Amino acid sequence: MTALASFNVRSSKQSEWIDISSEVHKAVAESGVKEGIAVVFVPHTTASVTVNENADPDVPGDLRLALDLISPDRGEFRHGEGNSAAHVKTSLISPSLTLIVAGGKLLLGTWQGILFTEHDGPRTRKVHVRTMGE
Ligand code: ZN
C-alpha cells in the first residue's frame, strides 16, 4: 500500500522553523498504512526538514541561531541570487526525512516534532509525504 499527500507551508520570515507534525501525522493516518515508512520531502533548494524538540520554542530558535553562525552571508559567495547562505543551510539539514510508521502512527519520541525549516522566506512552500507499507 502506498499513498502520496502534499500540503503547503507559508513562512512569514526570512528564517523560520515551522512545526508540521500535525500535517504529517494526518497524511500518515489518511494513507491507511499501519506498518511501514513515511518519507517527508521538501522540493525546494532553500528550505529543509528535520526532527527535533517542538515543546520548547527556544530550541528551534537556538538551532536557527547556530545555523546563522555556521553559515553566515559571505562576500566570497558567487551565486548571483544572493542567497547562498540559505542554500548551505538547506544542504546541512536535508530536504527529506524517513520516519517509521508503527500501529498506524509515526514512531517519534515524546519531545520530537517534525520541523519545516525556511531559510529564504517569506514564501509559500510545498511538502510531500509518501507513506508506504501495509
Ligand atoms: Zn539561490
Side-chain angles (χ1 to χ4, degrees):
M1 185 186 302
T2 181
L4 176 66
S6 303
F7 58 89
N8 289 330
V9 177
R10 177 72 195 164
S11 61
S12 59
K13 301 173 192 157
Q14 185 184 25
S15 172
E16 185 175 13
W17 291 38
I18 299 169
D19 190 336
I20 57 168
S21 303
S22 62
E23 289 90 339
V24 179
H25 281 291
K26 181 170 175 271
V28 169
E30 289 177 356
S31 75
V33 171
K34 300 298 179 202
E35 306 296 330
I37 60 170
V39 175
V40 182
F41 181 72
V42 173
H44 302 288
T45 60
T46 56
S48 45
V49 66
T50 191
V51 170
N52 214 304
E53 178 169 335
N54 65 349
D56 179 357
D58 284 341
V59 172
D62 290 350
L63 290 166
R64 274 202 328 271
L65 186 66
L67 268 182
D68 285 342
L69 295 171
I70 292 166
S71 179
D73 272 325
R74 299 184 59 97
E76 300 96 320
F77 283 148
R78 299 185 53 141
H79 175 45
E81 196 182 14
N83 61 353
S84 287
H87 288 289
V88 172
K89 291 170 187 172
T90 298
S91 280
L92 286 173
I93 293 181
S94 174
S96 73
L97 293 171
T98 305
L99 302 168
I100 297 169
V101 178
K105 294 179 177 175
L106 288 170
L107 191 60
L108 290 170
T110 304
W111 304 108
Q112 286 184 318
I114 302 161
L115 299 164
F116 172 87
T117 58
E118 174 66 73
H119 309 295
D120 193 25
R123 296 181 194 227
T124 298
R125 303 291 204 169
K126 187 76 81 180
V127 177
H128 301 301
V129 181
R130 167 68 76 182
T131 309
M132 295 169 284
E134 52 191 42

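Counting starts at 1 for both ligands and their atoms, in listed order. Keep in mind the model is a prediction, meaning the values are calculated, not measured.
Side-chain N/O atoms of S11 and R123 include no donor and acceptor closer than 3.5 Å. In this structure, a donor-acceptor pair under 3.5 Å is absent between the side chains of T90 and H44.
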Exercise answer: donor-acceptor pairs, residues 61-68 side-chain atoms, under 3.5 Å, sequence neighbours excluded:
from: D68; atom 1: OD1; to: K89; atom 2: NZ; distance (Å): 2.6

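Residue side and main chain included, E81 places an N/O/S atom under 2.8 Å of the Zn ion (ligand 1). Among the atoms of T45, no N, O or S atom falls under 2.8 Å of the Zn ion (ligand 1).
Angle NE2(H79) to the Zn ion (ligand 1) to OD1(N83), rounded to 10°: 90°.
For H87, the N, O or S atom with the smallest separation from the Zn ion (ligand 1) is NE2.
In terms of the side-chain contact (heavy atoms from CB on, under 4.5 Å) criterion, residue partners of S21 (sequence neighbours excluded) are, by chain and number, D19, H25, N54, I114.
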